[in-house]
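Each remark here refers to the structure printed beneath this line.
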Amino acid sequence: MKSSAKPVRVRIAPSPTGNLHVGTARAALFNYLFAKHNDGTFVVRIEDTDTGRSTKEFEKNILDGLHWLGIDWDEGPELQGTRYLGNHGPYRQTGRREIYKKYLVQLLNEGKVFACFCEKNKEERKESSPRHAADLHSCPDRDHAYTLAGSRPFVIRYKNSEFLEYYARKQETIKHPAELGVAVDRAIYQGALIQFNDIVRDKLEYPQGHLMDFIIAKSLHEPLYNFAVVVDDHEMKITHVIRGEDHIPNTPKQILLIEALGFSRPEYAHLPLILGPDRSKLSKRHGATSVDEYQGQGYLPEALFNFTALLGWNPGGEQEIFPKSELIKLFSLEKVQKGGAIFDTKKLDWMNGEYIRKKSIDELASLCIPFLEHAGTANPGEHVRNPECLKKIMALEQPRLKKLSEIGERTDYFFKEPEYDRELLKWKTMSEEEMAGTFDTLIHILSDVTLPQSKEKLEERFLLEIGTGDKGRILWPLRVALSGEKFSPGPFEILEILGREQALRRVNRAREIYMQKV
RNA sequence: GGUCCCAUCGUCUAGAGGCCUAGGACAUGGGCUUUUCAAGCCCAGUACAUGGGUUCGAAUCCCAUUGGGACCA
């Protein structure tokens, strides 16, 4: 998708205060798809701070998670920004303090912000102020000249109320916001309505009267999110800001800052939220929320990528399974959904199964080995060491598996003799005599055949013996004797893998277990 | 509480005024196949939140109500 327009540049700004949340991953995914679709650049900038304790660890987790999903970036912390269009780094907020300071000083000098030395901390304000007081903050410092004198703590506030006064002067009928108190009528403040375009939802607007002086930095060295992100978007030449809907309320503040700094406005696209089953924003109380948790449960990156891409976006056809390249080809922000989407793991499970079935046996085997070892069932078993055997097991489980993490539990009977209830051996309503006969037949056949043999050959041999009767009479007890499970793959497949010695031992043991109690 | 955003099956969604007695997928139920479970194939049920407009015609456009969510406090 070559476009003759200027190349798009998008970014994500994860804050390393936790693991890679699926919401962040989805935002990354959409940025990635958009960038790739338009032959543009995808930037990762880390919104770190000094206060975060395990920031480094979380950052690694986030970047690893993105890599695992198959989302790679053109500029970001690991690549040093050397791949495209020169260096826009550093890509960590803590490395850019001088840049922020420069713009902070500029705004102070132009009188567009002021240093506020109010001692009132957050708790005090909460208690002493009427509702909305935080929005209508006024303090004696706002009229003072900027000074660094004194070591008192201060915050830097954007002087929004001044601009409101300007609008007020333009229209004589307008009252000063302070006089109006809480009720700010948007019609009265028409002139102060911040409007911006959103690719997903068309026009959005916000009454400026609701954001009076707001804090943009805690000090010259500690910029806050809204300020830092505006500076970085400008410095990094970001053309499209694609992020979650929860950022809509930040946008007007950022626009005010963009205008104060004389930057140009990027295009905005706000993505619908990913919700939990109760329709509130997906959070820990809903269960797994981070990409590494899904990885740990044995979801394939392709499946999670495909599933997440279709959460809040759809290319319009009836297809469900899309390889990454196809998603890139089809992606468009215009087709992004407006309403939030519930993260439905049932559908993810199905999709994961589809991707598991697409894997080659070799790939599946190497993906499963860590899970087998983790489950402890593969007691570094001879079967794991024996690749031929492992492959056969994989082929058996491939159509059944929804998550790789199930592999241990599903196949542990290959690695150790199964435990089961005596009654499970009985097929429908067989009598004791019939069961005894079945065991005789099984031992007879198993002693006769030479294993290993293909399951087709085995089946042929057994059917010869069984004749035209009810096959379950022989096959159900055999299957249970071999697997100990109520549900499992067929007896011939298991037989083929276990070998004669093991099979005979298990059938004999089954007979013992069955006879014991009578 | 204030502001903003959103609204098609249980869930993800198709739908850009007539192709809609609303299509697909997951999930659910039933069937085929079958020694069991999967996989596969076939079938079924289930949705345009409500009320007003606009229009010859509305899931689609406008308004209100209701409901949900986000952000701020």
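It should be emphasised that the depicted structure is a prediction, and the values quoted were computed from it without experimental measurement.
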- Item | Backbone of L310(A) reached by a side-chain donor or acceptor of N314(A) within 3.5 Å | no
Presence of salt bridge, [Y] and [X], under 4.0 angstrom:
X: R201(A); Y: E245(A); value: yes
X: R422(A); Y: E432(A); value: yes
X: K471(A); Y: E459(A); value: no

Specify the residues of [range], ordered by number, for which at least one heavy atom lies under 4.0 angstrom from an atom of RNA chain B.
range: residues 349-364 of chain A; answer: W350(A), E354(A), R357(A)
range: residues 273-285 of chain A; answer: L273(A), R279(A), S280(A), K281(A)
range: residues 485-494 of chain A; answer: K486(A), F487(A), S488(A), P489(A), G490(A), P491(A)

N/O donor to acceptor pairs below 3.5 angstrom from side-chain atoms of residues 339-346 of chain A, sequence neighbours left out:
unit_1, atom_1, unit_2, atom_2, d
D344(A), OD1, K346(A), N, 3.2

In the structure shown, which nucleotide is the Watson-Crick or G-U wobble counterpart of [N], with both distances under 3.5 Å?
N: U33(B); answer: none
N: G67(B); answer: C6(B)
N: G1(B); answer: C72(B)
N: U11(B); answer: A25(B)
N: C19(B); answer: none
N: A59(B); answer: none

Whole-angstrom distance between [N] and [M], as gauged at atom [atom1]:
N: C37(B); M: A16(B); atom1: P; result: 43 Å
N: C56(B); M: A47(B); atom1: P; result: 31 Å
N: C26(B); M: C43(B); atom1: P; result: 13 Å
N: G24(B); M: G15(B); atom1: C1'; result: 12 Å
N: U46(B); M: C4(B); atom1: C1'; result: 34 Å
N: G10(B); M: U28(B); atom1: P; result: 16 Å
N: C61(B); M: G45(B); atom1: P; result: 29 Å
N: A14(B); M: C72(B); atom1: C1'; result: 36 Å

Between [X] ([atom1]) and [N] ([atom2]), how many Å, whole number?
X: W427(A); N: U34(B); atom1: CH2; atom2: P; value: 13 Å
X: E397(A); N: U36(B); atom1: CD; atom2: P; value: 18 Å
X: K203(A); N: C4(B); atom1: NZ; atom2: P; value: 16 Å
X: D202(A); N: A16(B); atom1: CG; atom2: P; value: 17 Å
X: L348(A); N: A25(B); atom1: CG; atom2: P; value: 19 Å
X: L463(A); N: U35(B); atom1: CG; atom2: P; value: 9 Å

Nucleotide of [options] approaching [X] most closely (side-chain heavy atoms):
X: R479(A); options: U3(B), U11(B), U35(B); result: U35(B)
X: K335(A); options: G15(B), A25(B), A27(B); result: G15(B)
X: D246(A); options: A39(B), G24(B), A70(B); result: A70(B)
X: R201(A); options: C6(B), C71(B), C4(B); result: C6(B)
X: K347(A); options: C12(B), C5(B), C6(B); result: C12(B)
X: K402(A); options: U36(B), A39(B), G24(B); result: A39(B)

- Here the salt bridge (charged side-chain N to carboxylate O under 4.0 Å, His left out) pairs for residues 17-29 of chain A, sequence neighbours left out, are none
- Query: Which residue pairs pass the salt bridge (charged side-chain N to carboxylate O under 4.0 Å, His left out) test with at least one member in residues 349-358 of chain A, sequence neighbours excluded?
  - Reply: E354(A)-R357(A)
- With sequence neighbours excluded, tell me which residues meet side chain to side chain contact (heavy atoms under 4.5 Å, CB included) with S431(A). E433(A), E434(A)
- Please identify each residue that fulfils side chain to side chain contact (heavy atoms under 4.5 Å, CB included) with L224(A), with sequence neighbours left out. I215(A), K218(A)
- Query: Would you say a side-chain N or O of K471(A) is under 4.0 Å from OP1 or OP2 of U35(B)?
  - Reply: yes
- Item | Closest-nucleotide ordering on RNA chain B, the 5'-leading residue of K338(A) and G316(A) | K338(A)
- Item | Residue met sooner reading RNA chain B from 5', once N250(A) and G472(A) are mapped to nucleotides | G472(A)
Describe the nucleic acid contact of [X] in one word from base, sugar-phosphate, nothing, applying a heavy-atom distance below 4.0 Å.
X: K428(A); answer: nothing
X: L204(A); answer: sugar-phosphate
X: Q337(A); answer: sugar-phosphate

- Could you verify whether a donor N or O on one side chain and an acceptor N or O on the other, from N250(A) and Y225(A), lie under 3.5 Å apart? no
- Task: Scan side-chain atoms only and decide if D278(A) and S280(A) contain a donor-acceptor pair under the 3.5 Å cut-off.
- Result: yes
- Task: Measure distances between side-chain N and O atoms of E245(A) and base N and O atoms of G69(B), and say whether any donor-acceptor pair falls under 3.5 Å.
- Result: no
- Query: Under 3.5 Å, is there an N or O donor on one side and an acceptor on the other linking the side chain of R400(A) and the base of C37(B)?
  - Reply: yes
- R509(A): partners by salt bridge (Lys or Arg N to Asp or Glu O under 4.0 Å), with sequence neighbours left out: E417(A), E419(A)
- Please identify each residue that fulfils salt bridge (Lys or Arg N to Asp or Glu O under 4.0 Å) with R279(A), with sequence neighbours left out. none
- Query: Among V10(A), I255(A), I242(A), V241(A), which one satisfies side-chain contact (heavy atoms from CB on, under 4.5 Å) with P266(A)?
  - Reply: V241(A)
- Query: So, do H240(A) and F30(A) have ring centers that fall under 6.0 Å from each other?
  - Reply: no
- Item | Per-nucleotide protein contact string for nucleotides 17-23 of chain B, where B marks a base within reach and S marks sugar-phosphate only (heavy atoms under 4.0 Å, - for neither) | ------S
- Applying ring pair (Phe, Tyr, Trp, His ring centres under 6.0 Å) to W476(A) and not counting sequence neighbours gives W427(A)
- Would you please test E485(A) and R410(A) for salt bridge (charged side-chain N to carboxylate O under 4.0 Å, His left out) and show each step? CA-CA 9 Å; E485(A) 300 286 341; R410(A) 300 189 66 101; over 6 Å; no
